[in-house]
Amino acid sequence: MAKVITPRQEDYSQWYNDLVYRSGLADQSAVRGCMVIKPHGYALWENMQAILDKMFKDTGHVNAYFPLFVPKSLFEAEEKNAEGFAKECAVVTHYRLKTDPNNKSKLIVDPEAKLEEELIVRPTSEAIIWNTYRDWIKSYRDLPILINQWANVVRWEMRTRPFLRTTEFLWQEGHTAHSTENEAIEEALKMHEVYTRFAEDYMAMPVIKGAKTANERFAGAVDTFTIEAMMQDGKALQAGTSHYLGQNFAKAFNVKFLSDQNREEFVYATSWGVSTRLIGALVMCHSDDDGLILPPRLAPIQVVIVPIPKPSEQIDQVAKTLMDQLKSQNIRVNYDQDEKNRPGFKFAEHELKGVPIRIGIGARDLEQGLVEVARRDTKEKIQIPVDKLSTEIPLMLEKIQINLFDRAKNFRDQKTHFVDDRKSFEEIINGPGGFVYAHWDGSSETENAIKESTKATIRCIPLDAPEEDGQCIWTGVKSKKRVLFARAY
RNA sequence: CGGGGCGUAGCGCAGCCCGGUAGCGCACCUGGUUUGGGACCAGGGGGUCCCAGGUUCGAAUCCUGGUGCCCCGACCA
């Protein structure tokens, strides 16, 4: 068997890169730091979009679209936000090219086409959106505004990795405006919960819900809520964030409304987003050395039928009947009729792409009315009577979905530790890695010292962690709650 | 931006030290035999050897300068 992917144990990063490229999720592009999302990867994203979009609509949100460019003067209005993103902004300074007078086959930037005011390519859209909301909001009757947009953003990162961190990426960003602090906080928490449900129920990826520390908070936010997942190398990955923005943006953009008490007040805001990074998370959460393992609820193809050894009239007929039965149950099924490749090749190919279930139909089994059904997650193969498939397959898809979640959760739990002293903390972080719950004195100084010394950061202050007396592992100062530490992507 | 490594066919690489006009595996095309876990045989197509300059009768190979990419760190979703 030709090996196409570096084994995880040999080199985890290389495994990830190999997987992304070999499985057809993405391709490298001619633009540094940017990738091409190939049809298989984009299909995954479309499935994520469809589900999230429905969840947003079900919670009362509507979609809209705001410009890619943000005038610099607007961008700088909310100081903390501007400062936080300043170092990674792409800036448009000119609007025209012209033929190079010294070389007619080349183009140069026309120095006469310099913009009066530079345009920032959005790294996030709070600025342009809040500048717009000012015009939309006059009265408490105009609130709340519950808008989401599907968009691309650009953040000029120094180092990129496919899906996990690229210069341009796709995401959704929700931006809501509210008349009261409570309502805005509830909104931020509600979307935090939506992300949790999406990660756990659809991606089969267990997450820890929590709040970010001041250091890790979104620039311009009062509070940032996060979901943190564990990857197979024990590192944490921030999979989604929801921010309570207080009145910071309302004040920066002068967005006021008249309350039902006839008082002028600043609007309360939230924003929340998940990106194509989720695809990277999905890959690193479940996949193995043979390729992707996709949760059935998101897999572009849930069931693939492979004729063995090749298509024939009899096999085609069984396959087509089966496809109709499965399709009528909204199962995404594909019949691999390609005559160029043999079954073994196809098996490997579909495993590489992460198809949850493979059905092998061969003349020999068919004589007994059987087909071979193989699960991608466990590699288990069983014989199933043809007439049982239309009931068995949906059940098996559900089993796979659940198994993936359970497996990921067990893995995470095994790599989760509770420690009470610096030495044990360092032993785990520097050794096997994983999540570490430990007491922390609550100061940024200590957080930074720990980061500097161990490269572990506070991923979040878990929302559901019990109060308990303890001492900061670094300074010995009293603490009432454990926080979650890990090295992170 | 620091520290490493690499640019030779679509992909992965050898050749470079010691200059002589480019090769291997996979992929691709044609024909045939095959077909229950990445088939085999035969034939075939495909290269500005990253770019520019220099040394030389002659440069993938030596020298100089660019440039691009990858990995590790700092920054970050």
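Within every chain, numbering begins at 1; the chains are lettered A, B, ... in the order of the sequence lines, protein sequences first and strands thereafter.
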Would you mind reading off the distance between A/R358 atom CZ and B/G38 atom P, rounded to a whole angstrom? 12 Å
Now, which nucleotide makes the Watson-Crick or G-U wobble pair with B/G23, with each of the two distances under 3.5 Å? B/C13
Could you tell me the separation between the NZ atom of A/K340 and the P atom of B/A39, rounded to a whole number of Å? 11 Å
Examine A/W45 together with A/H40 and report whether their ring centres are nearer than 6.0 Å. no
What is the distance, rounded to the nearest whole Å, between atom NE2 of A/H350 and atom C1' of B/G38? 12 Å
Rounded to whole Å, please give me the gap between CG in A/N17 and P in B/C11. 16 Å
Phosphate contact (B/G36 OP1 or OP2) by A/K310 side-chain N/O below 4.0 Å: no
With rounding to the closest Å, how many angstrom separate the C1' atoms on B/C18 and B/A59? 14 Å
Taking pairing as Watson-Crick or G-U wobble with both contacts under 3.5 Å, can you name the mate of B/A59, or confirm there isn't one? none
May I ask you to check whether A/F425 and A/F485 place their ring centres under 6.0 Å from each other? yes
Interatomic distance at C1', B/C29 relative to B/U8, whole Å: 23 Å
Residue-phosphate contact under 4.0 Å: A/R342 side-chain N/O, B/G36 OP1/OP2: yes
Rounded to the nearest angstrom, tell me the gap between atom CZ in A/F345 and atom P in B/C40. 13 Å
Do NZ/NE/NH1/NH2 and the carboxylate oxygens of A/D336 and A/R358 come within less than 4.0 Å? no
Using a strict 4.0 Å threshold on nitrogen-to-oxygen distance, state whether A/E349 and A/K353 make a salt bridge. no
Starting from P on B/U35, measure out to CZ on A/F347 and report it in whole angstrom. 15 Å
How many Å lie between CG on A/L164 and C1' on B/C71, as a whole number? 15 Å
Please state whether the phosphate of B/A39, meaning OP1 or OP2, lies under 4.0 angstrom from any side-chain nitrogen or oxygen of A/N341. no
Could you let me know what B/G68 is paired to, Watson-Crick or G-U wobble, both distances under 3.5 Å, or none if it's on its own? B/C6
Any strand, both distances under 3.5 Å, Watson-Crick or G-U wobble: B/U35 pairs with none
Audit row: A/D290, A/K379, salt bridge (Lys or Arg N to Asp or Glu O under 4.0 Å) steps and yes/no: CA-CA 10 Å; A/D290 294 323; A/K379 289 294 191 71; 2.4 Å; yes
Side chain A/E351 and base B/G38 donor-acceptor under 3.5 Å: no
Salt-bridge test for A/K209 and A/E228: reply yes if a basic N is under 4.0 Å from a carboxylate O, no otherwise. no
Lys/Arg cation over aromatic A/F169: A/R155, 6.0 Å, 45° cone: no
Strand partner of B/A74, provided both Watson-Crick or wobble distances fall under 3.5 Å: none
Could you let me know what B/U30 is paired to, Watson-Crick or G-U wobble, both distances under 3.5 Å, or none if it's on its own? B/A42
Should we say atom CH2 of A/W156 is surrounded by more than 12 heavy atoms from elsewhere, each under 6.0 Å from it? no
Contact list for RNA chain B against residues 237-246 of chain A - heavy-atom distance below 4.0 Å: A/Q238
What's the CD-C1' distance between A/Q28 and B/G10, to the nearest Å? 14 Å
